[in-house]
Amino acid sequence: MTLLYFAWVRQKTGRGEEQLFLPADVKTVSDLIAFLAKRGGGFADAFADPRRIRVAINQEHTGFDTPLRDGDEVAFFPPVTGG
Amino acid sequence: MTLLYFAWVRQKTGRGEEQLFLPADVKTVSDLIAFLAKRGGGFADAFADPRRIRVAINQEHTGFDTPLRDGDEVAFFPPVTGG
Amino acid sequence: MITIRIQRKDFDIGAEVAALDAEDTGAVATFTGKVRKEGDLVALTLEHYPQMTEREIGRIVEDAKARWPLMGVTIIHRVGRLLPGDKIVLVAVAAKHRGAAFDACEFLMDYLKTRAPFWKEEERDGGTRWVEARHSDDKAAERWRDK
Amino acid sequence: MITIRIQRKDFDIGAEVAALDAEDTGAVATFTGKVRKEGDLVALTLEHYPQMTEREIGRIVEDAKARWPLMGVTIIHRVGRLLPGDKIVLVAVAAKHRGAAFDACEFLMDYLKTRAPFWKEEERDGGTRWVEARHSDDKAAERWRDK
């Protein structure tokens with residue numbers, strides 16, 4: 001799957017995009033956040049408080065319970081501040 | 001006083017403006033409307049139904065009970081339709 | 001800054017908004033009213049009460065300024081003969097935040113429609129006819145009474 | 001007609017409204033959001049999620065079209081580094097009547113603020129900082145839920 005990071009999530013993780021093989025025990029967005037936080041460093045910092053994070057799958061806003069499929073484009077970002 | 005007429009009130013009365021000495025028994029806008037209607041012809045037609053008429057005194061919207069003074073500028077017109 | 005103009009000629013929305021802008025403005029709401037093309041409508045002629053128009057619009061703007069913190073208001077209303085597609089009126093409101101800009105712009109339009117001394121005469125294939133005031137405009141203006 | 005553009009360059013409100021206009025349009029409401037000059041603010045940099053932005057705005061516009069009879073919508077959102085006084089966003093809505101134009105314009109702004117994937121980073125004398133989402137924007141968007 002493709003992971004994308006924006007705004008301070010991008011800055012903390014130190015990357016804007018990466019490719020990831022979906023690990024077997026990662027079923028939902030929540031699982032993926034826990035998996036990424038365990039990387040430590042900037043990832044632990046970025047995902048320390050999931051309430052501050054929003055997620056889109058395949059360019060649509062969604063919630064943390066959404067199941068993931070390999071091939072998904074998953075984007076993590078702070079609440080939006082455009083307009 | 002100065003009387004002004006706009007839109008169909010102007011068309012029915014056949015004039016846009018006139019000077020008038022305030023008759024002694026004309027105390028309020030209602031009295032003036034009754035006085036003008038008695039002229040007959042286009043004036044009777046214009047003022048036949050006072051509910052269709054609006055009035056401004058000295059360039060401010062007002063009601064039919066307002067007392068008149070000589071020197072006032074009194075304008076009669078239909079409900080406004082700008083914007 | 002308050003600008004009120006009654007004019008025969010057209011206006012440029014972008015230029016009016018640029019003229020209205022202050023540096024601490026964050027939000028500009030505008031409304032443009034146009035002559036709708038409908039059926040056999042040939043033209044609209046707008047008459048007004050020149051001695052009263054700008055004064056009444058000025059009072060409406062003061063009322064809006066008392067209700068919302070506004071940084072600028074521009075109101076332009078055209079008079080004379082206008083064709084389908086022509087612009088009739090512009091209301092532009094600048095404020096720090098969008099809520100005030102939107103609300104004040106809508107309030108100004110509702111009050112212009114029901115208080116500013118303009119009258120429209122329609123010209124159709126069959127002749128001319130004065131436009132009737134609409135009850136829905138009175139209702140729209142009444143919304144603001146108790147706010 | 002629906003126009004959605006994400007661009008670095010500025011826009012001309014008058015030209016956009018002219019392009020939006022259909023002959024049976026009677027009402028055009030616009031909203032322009034700007035970078036406010038405040039304190040030591042030097043610039044705002046707008047980042048977005050390019051693959052998602054136009055799609056999400058498209059969904060917001062479809063939602064508005066399902067709620068009101070609209071004749072045209074134009075949304076332009078700038079990205080990149082903007083200075084105080086610069087325009088950020090334009091929402092322009094054309095409809096037959098002003099109620100739909102005003103409501104849809106405000107709805108589109110409320111939804112853009114809370115759903116379109118843009119993020120603002122402020123540059124001040126002391127450094128840079130990501131702008132926090134405002135609770136008042138969520139509240140503004142929630143108003144439309146049951147309407």
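What's counted below: heavy atoms across the whole structure, side chains too, no hydrogens, waters or symmetry copies. Reminder, nothing fancy here: chain letters follow the sequence lines and each chain counts from 1.
A:Arg54 does not touch chain D: none of its heavy atoms, backbone or side chain, sits under 4.5 Å away. Heavy-atom distances place the side chain of D:Arg59, and not its backbone, under 4.5 Å from chain A.
Across A:Gln59 and D:Gln51, no two heavy atoms sit closer than the pair CG-O, 3.6 Å. Nearest heavy atom pair, residue D:Trp119 against residue A:Thr81, reads CA-OG1, 3.3 Å.
We find the OH-OH distance between D:Tyr49 and A:Tyr5 to be 12.0 Å, quoted to the nearest 0.5 Å. Here CD of D:Glu121 is found 13.0 Å from CH2 of A:Trp8. Values are rounded to the nearest 0.5 Å.
Remark: the D:Trp130 side chain and the A:Gln11 side chain contain an N/O donor-acceptor pair separated by less than 3.5 Å.
The main-chain N or O of A:Ala7 is found under 3.5 Å from a side-chain atom of D:Glu47 such that the two form a donor-acceptor pair.
Side-chain atoms of A:His61 and D:Met52, non-hydrogen and from C-beta on, do get closer than 4.5 Å to each other.
Most heavy-atom pairs under 4.5 Å with chain D, from the set A:Gly83, A:Ala56, A:Pro78: that is A:Gly83.
The number of heavy atoms from other shown groups lying within 6.0 Å of NZ (A:Lys12) is above 12. For A:Asp70, the CG atom is densely surrounded, since the number of other residues' heavy atoms within 6.0 Å is greater than 12.
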